[in-house]
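What you see below is based on every heavy atom in this structure, not just the backbone, and it leaves out hydrogens, waters and symmetry mates. Order of the sequence lines sets the chain letters (A, B, ...), proteins ahead of strands, with each chain counted from 1.
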Protein chains: 2
Amino acid sequence: MTVTSVRTDRRTATRQRIADAAARLASEHGVAATTADQIAAEAGVGRATFFRHFDSKELAVATGLADAAIFVIVGLLAEVPPQVGPLDAVRAAYARLGEDFDANRQTFLDQADLCRSSPAMFAWTLRLYVDWEMAIADAVRPRFVALAPHDPRPRMVGAMAMAAVRLACDEWLVDRGSGDLPALVQEHLDALHLPPDPRPDPRGAR
Amino acid sequence: MTVTSVRTDRRTATRQRIADAAARLASEHGVAATTADQIAAEAGVGRATFFRHFDSKELAVATGLADAAIFVIVGLLAEVPPQVGPLDAVRAAYARLGEDFDANRQTFLDQADLCRSSPAMFAWTLRLYVDWEMAIADAVRPRFVALAPHDPRPRMVGAMAMAAVRLACDEWLVDRGSGDLPALVQEHLDALHLPPDPRPDPRGAR
DNA sequence: ACGGCAATGAGACTCAGTATCATCGCCGTG
DNA sequence: CACGGCGATGATACTGAGTCTCATTGCCGT
């Protein structure tokens with residue numbers, strides 16, 4: 001798969017250490033109270049190296065918080081039977097992800113708060129979500145049939161998946177995380193099933 | 001509608017002047033080469049006032065570039081006949097918006113480049129898109145029937161509308177803006193029509 | 001009129017982010 | 001097995017973003 005040498009391995013490991021250190025310090029003291037120097041020191045690297053790996057302090061924190069999860073979700077997507085359609089596969093993967101939600105409820109709440117703790121933190125979190133979108137797009141692409149070279153569908157599904165998570169989190173935070181986040185995510189994904197033909201209104205209104 | 005007094009009017013006008021100055025200077029010299037001091041001076045305000053109105057230099061530039069367009073799109077949405085469904089209304093509004101695309105092709109290209117000219121600029125552009133999402137969500141909300149209090153559908157439609165624009169732009173920029181952007185946006189919106197039941201595959205594959 | 005408060009300007013200060021240069025150590029070549 | 005190239009890092013200095021505080025101005029309600 002990916003080319004792996006001593007050099008690239010060490011670089012990846014360094015990046016990982018920095019992200020972990022950033023997430024740990026920011027979780028404990030808040031993003032604003034954590035300086036780039038502290039993160040670099042905690043990761044055992046120089047300050048310059050820190051900024052060689054991340055474009056901003058906020059991106060490092062966001063990456064440290066969530067970078068592991070992206071591999072989890074891609075892994076879960078791969079486990080869904082191949083004949084399941086793209087969007088249903090996302091639903092299934094998220095459902096699996098939500099199974100052990102209650103055990104980590106407080107962690108999720110803290111991370112969601114941290115991601116929104118400042119406008120800059122939120123902006124860079126959105127930036128990271130774009131990476132997730134692409135990872136999900138790549139993961140669901142094989143599930144499309146008759147896929148044109150630049151077919152927009154995989155990336156739109158990726159965007160939809162991340163939008164569902166983000167908006168579900170927003171809704172979840174309204175009552176300080178007391179609700180059922182996985183259920184909210186599913187509801188948001190279902191919302192996308194906008195009536196294929198909206199006029200007849202499938203919800204049977206009136 | 002909104003409360004309007006001499007005070008709030010002046011504040012709004014000041015914000016507008018700052019955003020305009022930011023967009024003008026950044027368009028001419030690039031974001032990195034434009035300092036907050038220059039923008040403040042160009043807008044005729046103090047440096048402190050600049051940061052009272054915008055959380056970052058990048059957000060000011062992005063706002064100046066695109067803030068007018070949000071009113072346009074909301075206005076166009078309002079003009080679509082009320083019986084048209086939410087998603088089709090978005091399609092129609094974007095179609096109207098794209099009518100005079102060729103006349104502004106170079107402007108769009110410059111702005112799209114500027115929004116992606118640095119990781120920070122891109123991140124803050126994404127942040128601004130969230131505002132657009134909410135504006136679109138509010139604009140299409142009346143088009144939903146049987147709308148529950150916290151129904152996720154309006155916001156998901158808003159998110160998809162902005163995702164379509166963003167991803168279409170990405171695709172458009174691949175060949176340096178020589179393609180048909182409005183058509184790309186429509187294709188991305190259509191991708192949302194993911195087969196209501198993905199298995200049968202409506203595109204008639206094989 | 002007058003007192004409160006929102007908006008601003010000025011200036012100081014911290015720290016994010018960048019650039020430069022030197023060093024170290026992996027990697028492919030002779 | 002040297003050795004030269006280059007990628008990754010550390011140290012350091014510098015610009016400028018973003019924050020804070022305090023003083024001033026002028027709209028607004030009593």
Short side-chain N/O contact to C:dT14 OP1/OP2 from A:T35, under 4.0 Å:
no
Starting at CZ of B:R52 and ending at P of D:dA17, how long is that distance when rounded to a whole Å?
17 Å
Would you kindly give the CH2-to-P distance between B:W124 and D:dA17, to the nearest whole Å?
14 Å
By nearest atom, which of the nucleotides D:dA13, C:dT8, D:dA11 is closest to the A:R47 side chain?
D:dA13
To the nearest Å, how far apart are B:D55 CG and D:dT19 C1'?
12 Å
Looking across every strand, which nucleic acid part, if any, lies under 4.0 Å from B:T34 by heavy atom: base, sugar-phosphate, or nothing?
sugar-phosphate
Can you tell me the distance, in whole Å, between the NE2 atom of B:H53 and the C1' atom of C:dA7?
7 Å
Taking atom C1' of C:dC15 as reference, at what distance in whole Å does atom CD of A:E58 sit?
12 Å
Could you work out which one of D:dG10, C:dA16, C:dG9 sits closest to the side chain of B:T49?
C:dG9
Heavy atoms from C-beta onward define the side chain here; which of C:dT8, D:dA17, D:dT9 lies closest to that of B:T14?
C:dT8
Pairing of B:R17 and B:D20 as salt bridge, 4.0 angstrom limit:
no
5' precedence on DNA chain D between B:R7 and B:S56 (nearest-nucleotide basis)
B:S56
Taking the side chain of B:F51 as heavy atoms from C-beta outward, which of D:dG18, C:dG9, C:dG17 is closest to it?
D:dG18
Whole angstrom is fine here: how far is it from CD in B:Q38 over to P in D:dT15?
15 Å
Spacing between A:L25 atom CG and C:dA16 atom C1', to the nearest angstrom:
16 Å
Partner of A:R96 by side chain to side chain contact (heavy atoms under 4.5 Å, CB included), out of A:L76, A:V72, A:I73
A:L76
Checking D:dG10, C:dA16, C:dT8 against the side chain of B:R11 (C-beta onward), the nearest is C:dT8
Can you find a pair of side-chain heavy atoms, one from A:L114 and one from A:M121, that are under 4.5 Å apart?
no
Once you round it to whole Å, what is the distance between P of D:dG10 and CD1 of A:I18?
8 Å
Regarding B:R155 and A:E171, does a basic nitrogen lie under 4.0 Å from an acidic carboxylate oxygen?
no
Under 4.0 Å, counting only non-hydrogen atoms across every strand here, what does A:A48 touch: a base, just sugar-phosphate, or nothing?
base
More than 12 non-hydrogen atoms from neighbouring residues, nucleotides or ligands closer than 6.0 Å to CZ on B:R116, yes or no?
yes
